[in-house]
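Below is one structure, written out as structure tokens; comments come after it.
Since this is a predicted model, take the numbers as computed values, not measurements. Chain letters run A, B, ... following the sequence lines, proteins first, then strands; residues in each count from 1.
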Amino acid sequence: MLGVSSLMGAGALMAQSDNAQAAAEWAEHFQGNYRLMSPQEKAEARARLERRYSAEYGKKVTVDGTEAQPGVLMGYALNVRKCIGCRRCVKACVEENNQSRGEKPGERIEWIQVLRMERGEFSKDKMNQGYPEGLGIQVGGNAYTPAGQVLEGQYHYEPKAVPEKEATYMPIACMQCEKPPCVKVCPVRTTYREADGPVVIDYNWCIGCRMCMSACPYWARRINLTNPVLPNEAMNPVTHYLGNRPRMRGVVEKCHWCLQRTRKGRYPACVEVCPVGARKFGNLLDPESEVSLILARKNVFRLKAELNTFPKFFYFYD
Amino acid sequence: MNKLMSFAPDYVRYIIKGSTKFYAWMAFLAFLSSIALYGFYLQNTEGLIVTGLTSQIHEGLYFANLVFLVGVAAGAVTIVFPAYVYHHKAMHEVTVLGEMLAITAVIMVMLFVFAHMGRPDRLWHMLPFIGIYNMPGSMLAWDVLVLNGYLLLNLICGFYYLYTKYTGGEVNRKFFMPLVYTSIVWALSIHTVTAFLISTLPARPMWFHSMMPIRFIMTAFAAGPCLIILIFMIIRKNTRMWIQDEAINLLSVIITWCLGIALFLTLSEIVVELYARTEHANGLYYLMFGLHDLTRLVPWFWGSLIAMLVAFAMFLIPSVRTNYKLLPVACVLGFGGIWVEKGMGLVVPGFIPTPIGEVTEYYPTLIEIMMSIGLWAMGFFILTILLKGAIGILVGDVRFKSAAQATSNDVANSGGIAAHGPT
């Protein structure tokens, strides 16, 4: 990008402020798309963010920029038979990835939904009821009003204990498609597929047009309707530029397979926390990885395969 | 050059002078616009949380108005086309008014884009060269291209025509006609691309069908002329400009055809979707009957359908559509009906249910409603100015006076003052 750094310098000068935070914020307005930055510009952008976040959250925040490693293609497999619907993954994800967690509905963002499916929908006693009426609606609070949840499942459920006898569970999140519709529709190419597989977002480049949200067949994306509510003590200071760094008002976010962890050889938070080992993560290019073995040996399927999005998130059952 | 230099001041001078009624109208619009500015301020400090939008239903009033107004902009071609392709004389006299409406509508679309975006401060990211312009992948990028092109074409055609009228010269047809024909085809493109914006998303079955572009164009060519007829009626009443009956009658005929086809397409969709009644019809079902006791849009759908049917019946009967007392009623019904059907009635159910089956409802907030009204007011503000200027030139109130004429007038005037001075 022509003259981006000089622009940033000019920006800092124009701000005429000794306040590093204000200058950093000012310079952020002029930075280019992360993917197209030179290594030096990337480092500058990250350093700027580290300064701003550290000041904002009152602790040392790191913004990692580890690039995709050659020979790695991330893949995910989930055992639908094992999931018990405890939703520890949902909670771990929010804590790891610095999602907004305010009280108002518009301030709460979760990337994983565990859909609760009624077991025995086709049982004998339900056979003669004609068209299923209501199909097991439960009223779940969504945004500003009570909302129904139907057909595919319900993710606002409050059981005394899990697993429930009458339910099966189907967790979903971003499928990290190989042919992602969200990437195609983005007018500014702020969301793109990384070389090692995940579809990421440069939050600083997003214009908030929400075309990607309309295009996603898995409802994986969320818009930050307001400044994210992220208490200082709850903020996870180990971040990645394309991953879990705090977002800003008006931009879209989604699961990125915990880039801040997986690029460092760790498992995503949801995989780590799953108490029954339903979640498997690994390198699709390594034939001996757990995920590769599952794909080779188990009954595997993709969600909404008919849409040709080619998810790298697979479901399987033993 | 001399002529060009005097065009702008003459034009502006004419626009800013008006009756008390004119100033009151403009002040009223300015007041409503200022509310929109406040809403815009809130959205860019608090965020979109001040609207009724959610992650489930993330397009609402703004996007609905945006889609509808692209149609109004395209609808202006119902004047340009007969005027230049069929050499319709009455239409030819008022072509420039249609172009002024197109300019206004495109500007309004852009205002609604600003209202709709999460980060309007980052719009420059879309500019080619300094940002990234995702061509040819992104339909939104195509939409930006065709809308700006259409704005430019209409600005050039409209103001070039006005300028030649002002100077009393002749239009250079070699330069002008290719632009006019381009703008006719371009008008189709803006609405086609806007339809593609939502009809190319398999994630949203309600929108995912190839009928969308033609349905958009048909509703646009009905709603646009409805507004144009109403504007023409107002112009006939309030200015010295006389718009001939033939122009209005032809527009009525165009509306009849287009509204009829639009209704046919709507009914076809209903038959196809509800006959099979797959899960993909849930959006339409929600719109028509409600889903799981959530029925907010149901009265709007039936209301708009009835309005359109009544309007169609009125347009269909020649004695009604040539009755200028009843015609405005039909136009209001048609315009309102299509605004609901194509705006909220099309945009919101696309999100109900969400791709994972969640059924939620959309409650626009007061801020959102006031902001939409304010942006419409801004549009009418611009339209009033553009139409006033255009009419001033068309009726000859604003005309280029050669230097000699101007001085002789000045002398006459000053002579008058001088004569009165001593007494």
Region of A:C216 in contact with chain B, defined by heavy-atom distances below 4.5 Å
backbone
Whatever's closer than 4.5 Å to a heavy atom in chain B on A:V252 counts as neither
Side chains of B:H116 and A:R210 only: does a donor on one sit below 3.5 Å from an acceptor on the other?
yes
What part of B:Y362 is in contact with chain A, defined as an atom under 4.5 angstrom from a non-hydrogen atom: side chain, backbone, both or neither?
neither
Given a strict heavy-atom distance threshold of 4.5 Å, which part of A:I172 is in contact with chain B: side chain, backbone, both, or neither?
side chain
Have A:T309 and A:Y218 got a donor and an acceptor in their side chains that come within less than 3.5 Å?
yes
Take B:E269 and B:R215 through the salt bridge (charged side-chain N to carboxylate O under 4.0 Å, His left out) test and state the conclusion after the steps.
CA-CA 10 Å; B:E269 186 189 0; B:R215 197 171 146 200; 2.4 Å; yes
Comparing A:K104, A:R222, A:Q113 against chain B, the one with the most heavy-atom pairs below 4.5 Å turns out to be A:R222
Classify the ring geometry between A:F30 and A:W26 as parallel (under 30°), tilted (30 to 60°) or perpendicular (over 60°).
perpendicular
Tell me yes or no: between the side chains of B:R277 and B:N282, is some donor less than 3.5 Å from an acceptor?
yes
Name the option with the most non-hydrogen atom pairs under 4.5 Å to chain B; the candidates are A:M211, A:E107, A:M213.
A:M213
Among A:C209, A:A215, A:P187, who wins on heavy-atom pairs under 4.5 Å with chain B?
A:P187
At a heavy-atom separation under 4.5 Å, does B:D121 approach chain A through its side chain, its backbone, both, or neither?
side chain
Please classify the contact of A:I223 with chain B as side chain, backbone, both or neither, using a heavy-atom distance under 4.5 Å.
both
If you count heavy-atom pairs under 4.5 Å with chain B, which of A:G250, A:P181, A:S214, A:P217 comes out on top?
A:S214
Heavy-atom distance under 4.5 Å to chain A: side chain of B:I57, backbone, both or neither?
neither
Working for side-chain contact (heavy atoms from CB on, under 4.5 Å), residues B:L287 and B:M206
CA-CA 10 Å; B:L287 180 63; B:M206 162 123 186; 4.3 Å; yes
Any chance the side chains of A:W205 and A:Q31 put a donor and an acceptor closer than 3.5 Å?
no
Which one, A:V188, A:N224, A:L307, A:N227, leads in non-hydrogen pairs under 4.5 Å with chain B?
A:V188
Check this for me, if you would: do A:E28 and A:R52 make a salt bridge, where the nitrogen-to-carboxylate-oxygen distance has to be below 4.0 angstrom?
yes
Heavy-atom pairs under 4.5 Å with chain A are the metric here; pick the option from B:M139, B:Q43, B:E59 that has the most.
B:E59
Using heavy-atom distances under 4.5 Å, tell me whether B:T45 contacts chain A through its side chain, its backbone, both, or neither.
backbone
Name of the residue among A:R189, A:R245, A:R35 meeting salt bridge (charged side-chain N to carboxylate O under 4.0 Å, His left out) with A:D202:
A:R245
